[in-house]
Amino acid sequence: MDTTTTSNWRDQLHPETRQLLLNNIMNKLKIGHPLGDYDEDLEFQKIAHSIEQKSYGGATNQADYFDEIASKLLLLEKAREREWRSQLRPDSRQRIVNKIMEKIGRHLPVSRPEGSQELWKIARRLEEKIFAAASSQTDYLRKISLKMLTMETIYQGRHEHANPGFGMQQFLAFTNNSNAIDSS
């Protein structure tokens, strides 16, 4: 049980503690933002200060203050997780689609332009499914890597057993399997 009274808990809180919490809020706000100019840093400071001040002013004791700050930091983290998709550059996604196409093409060679277009559609659709299913950029890259590794492993297993290779039907079934994406 907290024995600190409502009237004196603020007196017992060290200014350094508040500054550390303010710095922590600033760091959370800056995640994903390139080093900014003076005005941008000033804006982050204002936002961080406002969050800290509201938490400080609204708290009834130290534990309440710390809980409020922790709650705000968690909200900032969750908001950042939701916006990861907008921070991923389209050319990065295209490079991933190209890598998937390259991997598919090694195991399903095509000779006609229509076949190449079909491979691109398959690779794009696979990337889009993984992009939509991922909870963060790290999760997205992990799922892509695991999917490509799984494709390679399946192909090697079939190749070692003198199977003629990945057929188009087996491959389409594999890439459309949402369980494989979710468990990756």
Which heavy-atom pair separates Asp64 from Asn61 by the least distance, and what is that distance?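 That closest heavy-atom pairing would be N-OD1, 2.7 Å.
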
Exercise: identify the closest heavy-atom pair between Met101 and Ala123: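 Nearest pair, atom of Met101 first, then Ala123: CG-CB, 3.6 Å.
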
Min side-chain heavy-atom separation [X]-[Y] under 4.5 Å:
| X | Y | value |
| --- | --- | --- |
| Phe66 | Leu21 | yes |
| Tyr56 | Leu13 | yes |
| Leu20 | Thr17 | no |
| Arg85 | Gln137 | no |
| Pro90 | Arg93 | no |
| Tyr140 | Leu88 | yes |
| Phe44 | Ile25 | no |
| Ile144 | Ile100 | yes |

So how far is it from [X] [atom1] to [Y] [atom2], rounded to the nearest 0.5 Å?
| X | Y | atom1 | atom2 | result |
| --- | --- | --- | --- | --- |
| Gln12 | Gln62 | CD | CD | 6.5 Å |
| Arg142 | Ser135 | CZ | OG | 8.0 Å |
| Lys72 | Ile51 | NZ | CD1 | 7.0 Å |
| Thr138 | Trp84 | OG1 | CH2 | 9.0 Å |
| Leu126 | Lys143 | CG | NZ | 11.5 Å |
| Leu42 | Ile47 | CG | CD1 | 10.5 Å |

Looking only at the side chains, is there a donor atom on one of Asp41 and Gln45 sitting less than 3.5 Å from an acceptor on the other?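 No, no side-chain donor-acceptor contact under 3.5 Å.
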
When you compare the side chains of Glu102 and Asn98, does any donor N or O come within less than 3.5 Å of an acceptor on the partner?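 Short answer, no.
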
Quick test of your reading: applying salt bridge (charged side-chain N to carboxylate O under 4.0 Å, His left out), list the pairs with at least one residue in residues 46-56, sequence neighbours left out, ordered by first then second residue.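 Residue pairs passing salt bridge (charged side-chain N to carboxylate O under 4.0 Å, His left out), neighbours aside: Arg18-Glu52.
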
Checking the side chain of Asn8 only, and the main-chain atoms of Asp11 only, is there a donor and an acceptor separated by less than 3.5 Å?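 It does not hold such a pair.
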
Does the Ser71 side chain pair with the main chain of Asp67, one donor and one acceptor, at a distance under 3.5 Å?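 Absent.
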
Do Ile130 and Ile96 pass the side chain to side chain contact (heavy atoms under 4.5 Å, CB included) test, and can you show the C-alpha distance, the side-chain angles, and the key distance before you say yes or no? CA-CA 11 Å; Ile130 293 172; Ile96 289 171; over 6 Å; no

Please determine whether residues [X] and [Y] belong to a single hydrophobic cluster, defined as Ile, Leu, Val, Met, Phe, Trp and Tyr linked transitively by side-chain heavy-atom distances below 4.5 Å.
| X | Y | result |
| --- | --- | --- |
| Leu75 | Leu73 | no |
| Met148 | Ile122 | yes |
| Met26 | Tyr65 | yes |

With Arg124 via salt bridge (Lys or Arg N to Asp or Glu O under 4.0 Å) - residues at least two apart: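 Checked Arg124 against salt bridge (Lys or Arg N to Asp or Glu O under 4.0 Å); matches are Glu127, Glu128.
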
Which residues satisfy the salt bridge (Lys or Arg N to Asp or Glu O under 4.0 Å) test with Glu43, sequence neighbours excluded?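 For Glu43, no residue satisfies salt bridge (Lys or Arg N to Asp or Glu O under 4.0 Å) once neighbours in sequence are set aside.
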
Lys103 atom NZ, over 12 foreign heavy atoms within 6.0 Å: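 For Lys103, atom NZ is crowded (more than 12 foreign heavy atoms under 6.0 Å).
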
